[in-house]
Amino acid sequence: MSSGQGGPHSLAFRVMRLCKPSFQVDPIPLLLDPSDLIVGEDIFDDPIAAAQLPRLLHHSQVSSSDSSDLSYRSRFLLHHPSDSIGLSGLLVLPQAFGAIYLGETFCSYISINNSSNFDVRDIIIKAEMQTERQRLLLLDTSKSPVESIRAGGRYDFIVEHDVKELGAHTLVCTALYYDGDGERKYLPQFFKFIVANPLSVRTKVRVVKEITFLEACIENHTKSNLFMDQVEFEPAQHWSAKILKADEHHSDKKTFKSPILIKSGGGIHNYLYQLKSHGSAQTKVEGSNILGKLQITWRTNLGEPGRLQTQQIMGTPIIQKDIELHVVEVPSAIKLERPFSLHLKLANETDKELGPFEVWLSQDDSREEKKVVINGLQTVVLPRVEAFGSTDFHLNLISTQLGVQRITGITVFNTREKQTYDPLPDLEIFVDLD
């Protein structure tokens with residue numbers, strides 16, 4: 001058996017990337033409107049000359065379109081408004097691999113040609129895609145070798161590969177065959193190309209009360225426009241997601257959703273999602289901050305598809321609390337120096353019984369006197385709460401000042417374990433006169 005370096009081969013691989021053709025651009029950089037050659041800016045100042053304008057334009061257009069003019073004097077003339085875009089209406093087949101981006105499908109037409117004067121037999125053909133991390137087999141005819149390729153003939157096939165890695169790629173094509181003199185030969189050929197990143201995704205996470213907002217900014221790094229067919233957020237377990245749009249209340253339900261255009265060379269588009277956690281206390285995992293991932297699909301100007309999936313997007317870590325204190329109901333009308341009742345709920349978020357508890361209004365560091373205080377006993381005693389259970393109670397308060405006031409420092413204390421929990425976030429109320 002001889003290798004590819006041992007001597008001339010009867011066979012040779014030829015590779016062409018299969019992709020959409022590109023537009024043929026007219027090499028003439030500037031075209032002129034025929035009327036600009038015979039009409040000045042002041043022609044409409046003369047009514048007689050302006051009346052002759054249609055006849056002059058017609059004569060100019062007829063003369064410039066005369067096919068018998070061998071001097072090509074009209075080759076710089078603009079005969080139709082569409083000529084100004086510089087596209088001739090012709091398409092050009094790909095002449096090289098060109099730019100290949102992550103998320104695309106690399107499709108290649110491969111031809112193995114016999115350039116000798118005799119037939120070759122029992123050809124085993126392999127095509128592999130080699131990256132920095134792996135080597136993938138795309139074609140292997142070991143179990144059914146090609147019987148023969150006649151002199152001057154060829155054998156053609158097509159391979160496809162979903163591009164999922166950045167960086168250097170090598171298409172390795174090999175052939176093991178019997179030459180005309182019965183010698184077993186091995187032919188390797190290598191076709192290298194680089195895979196670039198078509199777009200970048202930048203995310204920001206903001207938490208407002210119990211709602212999480214995710215902003216995704218997508219930037220186009222390619223040299224062609226990208227039409228985003230789908231940019232969907234797949235939430236992680238125990239999360240739900242909803243996309244927010246500025247014109248959402250004006251949109252009607254449509255079966256066809258037009259793609260969003262992101263222009264070439266740095267065009268961007270922002271997406272905003274509203275996320276809500278719907279997991280119960282038993283299902284939340286302490287410290288877990290995985291929100292989900294984005295699924296992105298797009299097409300180029302001529303319909304070439306692409307698809308990417310981002311890594312898991314991380315949010316604010318979930319801190320599992322032993323107890324949660326919630327406001328159930330606030331009175332709709334609160335009067336100055338009149339007692340009112342605040343309805344609260346204490347929830348046990350652990351798998352064991354906790355309590356008993358005491359609830360009070362703690363004093364903050366400021367020396368200012370509180371405007372909302374407890375009316376009556378300063379401490380409310382609550383019984384033990386079973387695992388993952390809850391108990392409702394009321395806190396009797398009174399306001400000593402009009403206007404918008406804050407209820408601050410509602411604190412829970414576990415009398416058995418001698419543990420004080422974080423106070424309830426400040427609550428605003430409006431105090432009115434009788």
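On a predicted model such as this, the values are computed, not experimentally measured, just so you know.
Of the charged side-chain nitrogens involved, at least one lies within less than 4.0 Å of a carboxylate oxygen, so that Arg133 and Glu165 count as a salt-bridged pair. In this structure, Arg135 pairs ionically with Glu128, as a charged nitrogen and a carboxylate oxygen lie closer than 4.0 Å. Of the charged side-chain nitrogens involved, at least one lies within less than 4.0 Å of a carboxylate oxygen, so that Asp156 and Arg154 count as a salt-bridged pair. The pair Arg17-Glu104 meets the salt-bridge criterion, with a side-chain N (NZ, NE, NH1 or NH2) lying under 4.0 Å from an Asp/Glu carboxylate O. We find that Arg406 and Glu428 are joined by a salt bridge, their nearest charged nitrogen and carboxylate oxygen being less than 4.0 Å apart. Look at Asp179 and Lys185 and you find a salt bridge, because one of the NZ, NE, NH1 or NH2 atoms lies within 4.0 Å of a carboxylate O, short of that distance. Using a cut-off of 4.0 Å between Lys/Arg side-chain N and Asp/Glu carboxylate O, Arg299 and Glu304 are scored as not salt-bridged.
A donor atom on one side chain and an acceptor atom on the other are not found under 3.5 Å apart for Ser115 and Asn113. A donor and an acceptor atom, one from each side chain of Tyr101 and His221, are nowhere located under 3.5 Å apart. Counted by atom type alone, Lys276 and Thr212 present zero donor-acceptor pairs between their side chains at under 3.5 Å. With 3.5 Å as the limit, one finds a donor-acceptor pair spanning the side chains of His343 and Asp392. Between the side chains of Thr350 and Asp322, not a single donor N or O lies within less than 3.5 Å of an accepting N or O. For the residue pair Gln230/Glu232, the side-chain donor-acceptor check at 3.5 Å is satisfied.
Using cut-offs of 30° and 60° for the angle between ring planes, the Phe106 and Phe193 rings count as parallel. His169 and His161 have tilted rings, their planes meeting at an angle from 30° to 60° on a 0 to 90° scale. Between Tyr273 and Phe233, the ring-plane angle classifies as tilted under the 30° and 60° cut-offs.
For Thr310 (side chain) and Leu294 (main-chain N/O), a donor-acceptor pair under 3.5 Å exists by modelled atom type. The backbone N or O of Lys263 lies less than 3.5 Å from no partner atom in the side chain of Asn225, so there is not a single donor-acceptor pair. Checked by atom type and distance alone, the side chain of Thr411 pairs as donor or acceptor with a backbone atom of Gly409 at under 3.5 Å.
Applying the 6.0 Å contact sphere to CD of Glu147 captures no more than 12 heavy atoms from other residues, nucleotides or ligands. Other residues, nucleotides and ligands contribute only 12 or fewer heavy atoms inside 6.0 Å of the OH atom of Tyr178.
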Working for side-chain contact (heavy atoms from CB on, under 4.5 Å), residues Asn348 and Glu386: CA-CA 7 Å; Asn348 181 359; Glu386 62 183 7; 5.9 Å; no
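When each of Leu226, Ile296, Ile268 is tested with Ile218 by the rule side-chain contact (heavy atoms from CB on, under 4.5 Å), just one qualifies, namely Ile296.
Once rounded to the nearest 0.5 Å, the distance linking CZ of Phe340 with CG of Leu397 reads 4.5 Å.
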